[in-house]
Amino acid sequence: MQKSLFLKNAFVVTMDRDRQELQGAHVHVLDGKINDLGNDLRTPPDVDETIDLSGFLVCPGFINTHHHMYQSLTRVVPSAQDTSLFGWLRTLYPIWSGLTPEMIRISTQTAMAELLLSGCTTSSDHLYLYPNGSRLDDAIEGAAEIGMRFHAARGSMSIGESKGGLPPDRLVENEADILRDTQRLIETFHDPSPYSMLRIAAAPCSPFSVSESLMRESAILARQYGVSLHTHLAENKEDVSYSLEHFGLTPARYAEKLGWTGSDVWHAHCVQLDAEGIQLFGRTATGVAHCPCSNMRLGSGIAPIPEMRKAGVRVGLGVDGSASNDGANQLAEARQAMLLQRVLGGPATLTARDVLEMATRGGADVLNRDDIGQIAIGKAADLAVFDLNHIAFAGALHDPVAALVFCQPVPAAYTIVNGNIVVREGKLATLDLPNLIARHNRLATKLMTA
């Protein structure tokens, strides 16, 4: 890691407490943290590198609150292109049963490379199936090599088709084994300290693939160790119908019954969260990962994000799996989140700055972190830098912040994680990207033709 980095003459979108936007500002990074910030800084002594960012915008690195990185191996599978959630899953489960440890590691790095190139510096990943000896350790190793801040969610499925669940029996695990491995991962890898690069979450996959017992026991285990809880909830109407039929409760009430509300919990999607559920999540500070592109792709609906925000629900953005989004561009996700809400609520429903807040501070809140998501002294040096001279912004520089969202998404010029330059001048700096893509494509072909 560079000890000291000095960025000068930039347009800085801080997303700090006062939401300051500073023109011609300088940012001094020292030991992975923001050491100083302002318009009148002089270059500090002993700086390892100075970068003149005249004509560039700097904002906090984006935070991705929901992903399934292994799915980058199965984008646009023909038989799954035009199906809703349950049909899509039933089509892809048999393919995913061929996953190997190498596939998990390489797909993690490919997905992270795509995120990093879009200015994303922190990502969660929900890995919930482990065939052929695969482990969450494989994803963790891949993340360490590429240099992304990582929240690794130990997902699981325990109720197969023979017991009324959705996944095939060969992809489910024994519940005692799940809990034991979750405990092992927390004890081995979880780092709760400020500026941590790796945290573990307990994450049974969904109400239609795990038992009530596993949900309860996972919550107890997570709270014993002080880690977060994550699952899918109320993703579409079928999901809600399943909950009513099998549990006699709405998804939100089912979550509450099992101890799955609170500031240490975040749920993916919540597209069909009802008014009562919204108020419940607001009162309990329960978080939501909003995934607009995936929700649109699968026809799941439009999540009631303005209502959630008004009720005090913590909302972040997620790209979701690359087989239901077919991309992992956090800036594109923010743009889609803004545009989609306007379809129902009108052009003032969500502003560009609203969704940038969701992509940064909002994601930090959802992941229970106060050390990332803003540019302020003492916060982690996680930064995304965009070239305002890009043709996509031509004619829009009267409001560069809004331009970042309204205009077509552009790649990050620099992405800085924990003070390290991971993307430099638009190119991944930590791994050989062409070789990674070639290897990923070979593995994708192998998985699809197995």
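The chain is numbered in sequence order, starting from 1.
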Query - Salt-bridge criterion met for R424 and E49 (N-O under 4.0 Å) - result: yes
Query - Ring center gap for H151 and H230 short of 6.0 angstrom - result: no
Query raised in the report: Is the closest side-chain donor-acceptor distance between S322 and S72 under 3.5 Å?
Result: no
Query - Aromatic ring pairing F281/H267, orientation class (parallel under 30°, perpendicular over 60°, tilted between) - result: parallel
Query - Residue pair S300 / N236, side-chain donor-acceptor N/O under 3.5 Å - result: no
Query raised in the report: Hey, does S228 have a side-chain heavy atom less than 4.5 Å from the side chain of W266?
Result: yes
**Report entry** H232 and H66 aromatic ring geometry - parallel, tilted or perpendicular at 30°/60° bounds
**Finding:** perpendicular
Under 3.5 Å, which donor-acceptor pairs link side chains of residues 341-351 to any protein atom two or more places apart or in another chain?
{"unit_1": "Q341", "atom_1": "NE2", "unit_2": "A303", "atom_2": "O", "d": "2.9"}
{"unit_1": "R342", "atom_1": "NE", "unit_2": "P347", "atom_2": "O", "d": "3.2"}
{"unit_1": "R342", "atom_1": "NE", "unit_2": "L350", "atom_2": "O", "d": "3.2"}
{"unit_1": "R342", "atom_1": "NH1", "unit_2": "P347", "atom_2": "O", "d": "3.1"}
{"unit_1": "R342", "atom_1": "NH2", "unit_2": "P347", "atom_2": "O", "d": "3.1"}
{"unit_1": "R342", "atom_1": "NH2", "unit_2": "L350", "atom_2": "O", "d": "3.0"}
{"unit_1": "T349", "atom_1": "OG1", "unit_2": "G345", "atom_2": "O", "d": "2.9"}
{"unit_1": "T349", "atom_1": "OG1", "unit_2": "G346", "atom_2": "N", "d": "3.2"}
{"unit_1": "T349", "atom_1": "OG1", "unit_2": "G346", "atom_2": "O", "d": "2.6"}
{"unit_1": "T351", "atom_1": "OG1", "unit_2": "R353", "atom_2": "N", "d": "3.4"}
{"unit_1": "T351", "atom_1": "OG1", "unit_2": "D354", "atom_2": "N", "d": "3.0"}
{"unit_1": "T351", "atom_1": "OG1", "unit_2": "D354", "atom_2": "OD1", "d": "3.4"}
{"unit_1": "T351", "atom_1": "OG1", "unit_2": "D354", "atom_2": "OD2", "d": "3.2"}

Query raised in the report: Do the side chains of Y128 and V210 get nearer than 4.5 Å, heavy atoms only?
Result: no
**Report entry** Under-4.0 Å salt bridge between D371 and R369
**Finding:** yes
Query raised in the report: Is a salt bridge present between D137 and R184, judged by a nitrogen-to-oxygen distance below 4.0 Å?
Result: yes
Report summary line: Exactly one of T50, T43, D36, N35 clears side-chain hydrogen bond (donor to acceptor under 3.5 Å, both in side chains) with H28, and that residue is N35
**Report entry** Ion pair R199/D191, N-O distance below 4.0 Å
**Finding:** no
Query raised in the report: Salt bridge check: are E256 and R253 linked by an N-O gap of less than 4.0 Å?
Result: yes
